[in-house]
2 protein chains.
Amino acid sequence: MDERTMRDRILDAAEARARTSGYHGFSFRELADDVGVKSSSIHYHFPTKGDLGAALAKRYATRAGDYLGDPASVGPEEAVTRLTQLFRDALVRDDKMCLCGLFGAEHESLPPEVASATGDFFRLVLGYLTAAFGPRWAGEAPAAILARLEGALIIARALGDVNLFEVAAQGPSRGG
Amino acid sequence: MDERTMRDRILDAAEARARTSGYHGFSFRELADDVGVKSSSIHYHFPTKGDLGAALAKRYATRAGDYLGDPASVGPEEAVTRLTQLFRDALVRDDKMCLCGLFGAEHESLPPEVASATGDFFRLVLGYLTAAFGPRWAGEAPAAILARLEGALIIARALGDVNLFEVAAQGPSRGG
DNA sequence: GTCTATAATTTGATAGAC
DNA sequence: GTCTATCAAATTATAGAC
């Protein structure tokens with residue numbers, strides 16, 4: 001049996017489509033077909049597409065935060081390793097974009113509540129790295145690390161070459 | 001007078017919208033209104049949306065190549081400087097995404113001809129950096145530099161903070 | 001080359017029965 | 001909570017007059 005709530009099943013279907021096509025690239029009808037209900041039932045759980053998009057970004061950020069854990073107890077290297085693995089999972093395990101990377105690229109065309117929740121994801125990750133690095137950190141800036149991972153995902157997927165992600169994710173520290 | 005050809009006026013309007021909303025986020029009707037014609041006239045110049053999207057990505061790549069110049073005559077530092085300025089212009093001057101960064105994120109949901117032309121942009125830039133760096137280059141990999149710039153654009157726009165682009169674009173070489 | 005007109009489909013969203 | 005039925009608007013695209 002499917003133990004997920006209908007709300008979660010809808011969010012799962014929406015996330016899969018949004019991470020492939022973006023906010024403007026999926027419809028309530030498609031989600032309804034994916035889940036096996038009618039589109040009016042989707043509207044019962046999420047009155048508007050903006051509501052759904054915002055819930056999508058919020059759940060995505062919450063899950064990322066849970067995966068990354070407490071920055072105070074991981075240390076700088078482990079923090080970067082965990083974040084890198086989060087993006088590698090998106091590429092290899094899910095074969096999908098980072099939801100908020102794609103929403104971030106569409107930022108100006110999103111309903112305000114979706115744009116806001118997308119921003120929260122980036123603030124969460126930057127805050128995580130900043131906290132894990134501590135005030136004495138002299139290495140690559142949190143924004144540079146996160147940017148590299150978002151971009152690496154795009155390039156690797158656009159060129160169909162997983163290794164390009166590893167090359168880009170490796171960053172400045174090239175063993176040699 | 002407007003010296004641009006109708007084809008270019010359409011591409012200009014389409015680029016502005018695509019760089020804000022993505023491939024799935026604009027319509028022929030909107031472009032027609034922007035340019036001041038009917039949507040059937042847009043179809044005369046670009047029979048399908050895929051034709052338009054591919055032309056968009058091709059023109060974008062060509063212009064980027066013209067801006068970057070011959071890699072054999074610029075040297076590694078100047079090559080990175082020029083590429084960085086290309087992305088800074090997108091953020092500050094245009095207040096738009098990189099067209100191919102957004103198309104790349106939507107890659108799996110694009111018509112084949114658009115996905116292909118988008119890939120050409122990334123191949124062009126990576127080839128440019130690779131050529132400018134030469135075989136003895138031991139610094140940051142071309143894919144890492146390009147990834148950082150694409151991601152920096154997304155993050156800076158999503159958080160409405162131009163300085164985040166500069167921080168991320170700065171990369172590993174932090175003067176201190 | 002641009003227009004009017006239109007086709008066929010899809011979109012986000014609502015009303016009301018069950 | 002899901003359904004049927006429906007809406008008004010928008011979508012990509014085509015046919016044919018001018």
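By convention in this document, chain letters (A, B, ...) are assigned in the order of the sequence lines, proteins followed by strands, and residues within each chain are numbered from 1.
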Participant: Whole angstrom is fine here: how far is it from CZ in A:R9 over to C1' in D:dG1?
Facilitator: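 Interatomic distance, CZ of A:R9 to C1' of D:dG1: 13 Å.
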Participant: To the nearest 0.5 Å, how far apart are CG in B:D89 and CG in B:D95?
Facilitator: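 So the gap between those two atoms works out to 12.5 Å.
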Participant: CG of B:D51 versus P of D:dT14: gap in Å, rounded?
Facilitator: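 Taking CG of B:D51 and P of D:dT14, I get 10 Å after rounding.
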Participant: Quick one: which of C:dC3, D:dT2, C:dG1 gets closest to the side chain of A:M6?
Facilitator: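 Looking only at heavy atoms from C-beta outward on A:M6, the closest nucleotide is D:dT2.
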Participant: So, are B:D34 and B:R9 salt-bridged, with charged N and O less than 4.0 Å apart?
Facilitator: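 Salt bridge absent between B:D34 and B:R9.
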Participant: Before accepting this row, confirm whether a basic side-chain N of the pair B:E15/B:K96 lies closer than 4.0 Å to the acidic partner's carboxylate O.
Facilitator: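 No salt bridge links B:E15 with B:K96.
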Participant: From CZ of A:F26 over to P of C:dT10, roughly how many Å is that when rounded to an integer?
Facilitator: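 About 17 Å, once rounded to whole Å.
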Participant: Could you tell me the separation between the NZ atom of B:K38 and the P atom of C:dT6, rounded to a whole number of Å?
Facilitator: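 After rounding, the reported distance stands at 14 Å.
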Participant: Please report, rounded to the nearest Å, how far the P atom of C:dT2 is from the CZ atom of B:R7.
Facilitator: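 The distance from CZ of B:R7 to P of C:dT2 comes to 13 Å, rounded to the nearest Å.
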Participant: Within the pair A:Y44 and D:dG1, is there a side-chain N or O less than 4.0 Å away from OP1 or OP2?
Facilitator: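 Answer yes for this pair, as a side-chain N or O of A:Y44 is under 4.0 Å from OP1 or OP2.
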Participant: What is the separation between atom CD on A:E30 and atom C1' on C:dG12, rounded to the nearest whole Å?
Facilitator: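 It is 13 Å, rounded to the nearest whole Å.
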Participant: Tell me, do A:F87 and A:L146 make a side-chain contact under 4.5 Å, heavy atoms counted?
Facilitator: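 Contact flag for A:F87/A:L146 side chains = yes.
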Participant: Taking salt bridge (charged side-chain N to carboxylate O under 4.0 Å, His left out) as the cut-off, I'd like each qualifying pair that reaches into residues 62-80 of chain B, sequence neighbours left out, listed once.
Facilitator: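 For residues 62-80 of chain B: B:E78-B:R82.
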Participant: Which whole-number value in Å describes the distance from A:D33 CG to C:dG12 C1'?
Facilitator: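 In whole Å, C:dG12 C1' and A:D33 CG are 15 Å from each other.
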Participant: Can you tabulate the close N/O pairs, meaning under 3.5 Å, that link protein atoms to atoms of nucleotides 13-15 of chain C?
Facilitator:
residue	atom	partner	partner atom	Å
C:dA13	OP2	A:K49	N	2.8
C:dA13	N7	A:H43	NE2	3.2

Participant: Counting only side-chain N and O atoms of B:S41, is one of them less than 4.0 Å from OP1 or OP2 of C:dC3?
Facilitator: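 Result: yes.
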Participant: Regarding B:D12 and B:R17, does a basic nitrogen lie under 4.0 Å from an acidic carboxylate oxygen?
Facilitator: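 No, no charged N to carboxylate O under 4.0 Å.
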